[in-house]
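Below you'll find the structure, written out as structure tokens, and then a few comments.
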Amino acid sequence: MAATMNSSPFSGKALIDAQFAGQSIGPVVPKNFAAVMGDVSTWAPNYKDMTIVPDGSGGQALRVTLDQGTIHSGPNGTHGVVLFAKLPGQIDNACISYRVRFDANFDWSMGGKLPGLSGVAPGVAPGAPSGGHPTDQGWSGRLMWLGAGSYSWAGPTNTVVSYMYHPGQKSIYGDNVRWGKSFVAGQWHQIAQCYAMNTVGKSDGVLRAWFDGQLVVNDTSFVYRTRSDVHINYLTWDVFRGGATMDWAGSRTGYIDFENVRVSIPG
């Protein structure tokens, strides 16, 4: 049977509980990020767009800078961040939650990616189920904001969706599971997503999502996998604009702040 799921994304055993208080204000130090995120690359170029900043209420947040006129893959290099934090063991039921804030003058452009969880078969690269490369060897479940112009139904400025790569998806790009909610620039939002793997051969996986404490997605027939060696094994720390074309770029430099990043097994 598919894994059962507790109704709360904030209960149960914490695999990652990342707080950024106590880290030095300024550029993120890779070893300090790894100390709270776990098994993650500390290659310095991955961190060039992340800083630790005051959060405005006496605490500290992790900030990702998205440069004007860029998407993740263009014009050159990394604009934003893509990191994979490996989770321990074979997990079939997990949640991710965090607080997120877009700067008060944020240009939503056509949209971009935010963190989630993912899973791949042994020996498969963690980024395989992304970038227009669907695969039966894994899945990914990130968050996106979508601006007007990305899709006919998105907008008027920014629409929140679960962005899902999975077997049976409708196109080469991930499926958009709509939340019916929008982010507000300059305001902290609490988001959470929970995933329970399906029984192989059945459509009984679970996808649930919360926006500022309100349950907005409750899908109990999701198919994450077609093989038994696919589980939940990565925190996918993706924060960038795009889309694959430059019309997803922003007209000005923007900032996205994160606090209280938690990955847990409900119980």
Side-chain angles (χ1 to χ4, degrees), residues 5-11 64 66 80 93-104 106-119 129-130 139-166 168-171 173-198 203 205-224 232 235-243 248 250 254 256-264 266:
M5 180 173 288
N6 188 286
S7 60
S8 171
F10 306 107
S11 64
V64 179
L66 305 180
N93 181 7
C95 299
I96 180 173
S97 62
Y98 48 83
R99 279 170 30 100
V100 60
R101 177 179 64 185
F102 297 79
D103 75 75
F106 194 80
D107 175 12
W108 301 105
S109 64
M110 285 176 59
K113 306 295 194 300
L114 296 171
L117 301 183
S118 64
S130 64
W139 66 277
S140 65
R142 295 167 290 175
L143 200 65
M144 283 194 77
W145 80 91
L146 293 172
S150 57
Y151 295 93
S152 60
W153 47 264
T157 55
N158 58 92
T159 300
V160 188
V161 300
S162 294
Y163 185 58
M164 307 298 298
Y165 274 77
H166 63 105
Q169 65 190 61
K170 297 173 184 176
S171 73
Y173 295 104
D175 288 341
N176 296 302
V177 180
R178 304 181 205 182
W179 287 26
K181 297 291 182 179
S182 296
F183 292 116
V184 177
Q187 178 177 311
W188 282 107
H189 293 284
Q190 176 72 57
I191 71 93
Q193 292 192 97
C194 292
Y195 322 76
M197 299 295 96
N198 62 288
S203 301
V206 179
L207 172 64
R208 291 195 175 114
W210 289 257
F211 185 86
D212 290 339
Q214 179 183 354
L215 181 66
V216 290
V217 175
N218 187 17
D219 186 341
T220 58
S221 59
F222 205 87
V223 176
Y224 292 92
I232 305 170
L235 161 58
T236 302
W237 190 255
D238 281 9
V239 188
F240 57 86
R241 293 187 187 275
W248 290 73
I256 307 176
D257 297 339
F258 296 89
E259 288 184 339
N260 303 340
V261 180
R262 191 173 193 267
V263 178
S264 61

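Just so you know, residue 1 is the first one in the sequence shown, and it goes up from there.
Looking at heavy atoms from C-beta onward, D219 lies out of side-chain contact with V177 at the 4.5 angstrom threshold. Two residues are said to be in side-chain contact when any heavy atoms from C-beta on lie closer than 4.5 Å; R208 and V217 fail this criterion. A 4.5 Å side-chain heavy-atom check between Y195 and L207 finds at least one atom pair inside the cut-off. Looking at N93 and P266, their side chains come closer than 4.5 Å, going by heavy atoms from C-beta outward.
To the nearest 0.5 Å, atom OG of residue S162 and atom CZ of residue R178 are 13.0 Å apart. In this structure, S140 OG and M164 CE are separated by 7.0 Å, a value rounded to the nearest 0.5 Å. With values rounded to the nearest 0.5 angstrom, W188 atom CH2 is found 11.0 Å from F102 atom CZ. In this structure, CH2 on W139 lies 12.5 Å from OG on S130, to the nearest 0.5 angstrom.
In terms of heavy atoms, V160 sits closest to S182 at CG2-CA, 3.9 Å. Nearest approach of W210 to C194, heavy atoms of both residues: CZ3-SG, 3.6 Å. Nearest approach of L117 to A94, heavy atoms of both residues: CD1-CB, 3.9 Å. The shortest heavy-atom contact between A104 and A185 is O-CB, 3.8 Å. Taking each heavy atom of G147 and S150 in turn, the nearest pair found is O-OG, 2.7 Å.
The salt bridge (Lys or Arg N to Asp or Glu O under 4.0 Å) search around R262 returns none, not counting sequence neighbours. Applying the side chain to side chain contact (heavy atoms under 4.5 Å, CB included) rule to V223 yields the partners N198, S203; only residues at least two apart in sequence or on another chain are considered. Evaluation of the side-chain hydrogen bond (donor to acceptor under 3.5 Å, both in side chains) rule for Q169 yields no partner, not counting sequence neighbours. Considering only residues two or more places apart in sequence or on other chains, F258 meets the ring pair (Phe, Tyr, Trp, His ring centres under 6.0 Å) condition with Y98, W237. By the side-chain hydrogen bond (donor to acceptor under 3.5 Å, both in side chains) test, S109 is found to be paired with R241, residues two or more places apart in sequence or in another chain being considered. T220 meets the side-chain hydrogen bond (donor to acceptor under 3.5 Å, both in side chains) test with no other residue; sequence neighbours excluded.
Side-chain atoms of D175 come within 3.5 Å of backbone atoms of K170 as a donor-acceptor pair (strictly under, hydrogens ignored).
Partner of F183 under the side-chain contact (heavy atoms from CB on, under 4.5 Å) criterion, out of I191, T159, I256: I191 alone. A ring pair (Phe, Tyr, Trp, His ring centres under 6.0 Å) with W145 is found for one member of W179, F106, F211, Y163 and no other, namely F106. D212 pairs in a side chain to side chain donor-acceptor pair (under 3.5 Å) with only one of the listed residues (Q190, H189, K181), which is H189.
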Between H166 and Y224, does a side chain to side chain contact (heavy atoms under 4.5 Å, CB included) hold up when you go through it step by step? CA-CA 5 Å; H166 63 105; Y224 292 92; 5.5 Å; no
Between T236 and S118, is the side chain to side chain donor-acceptor pair (under 3.5 Å) condition met? List the steps. CA-CA 6 Å; T236 302; S118 64; 2.8 Å; yes
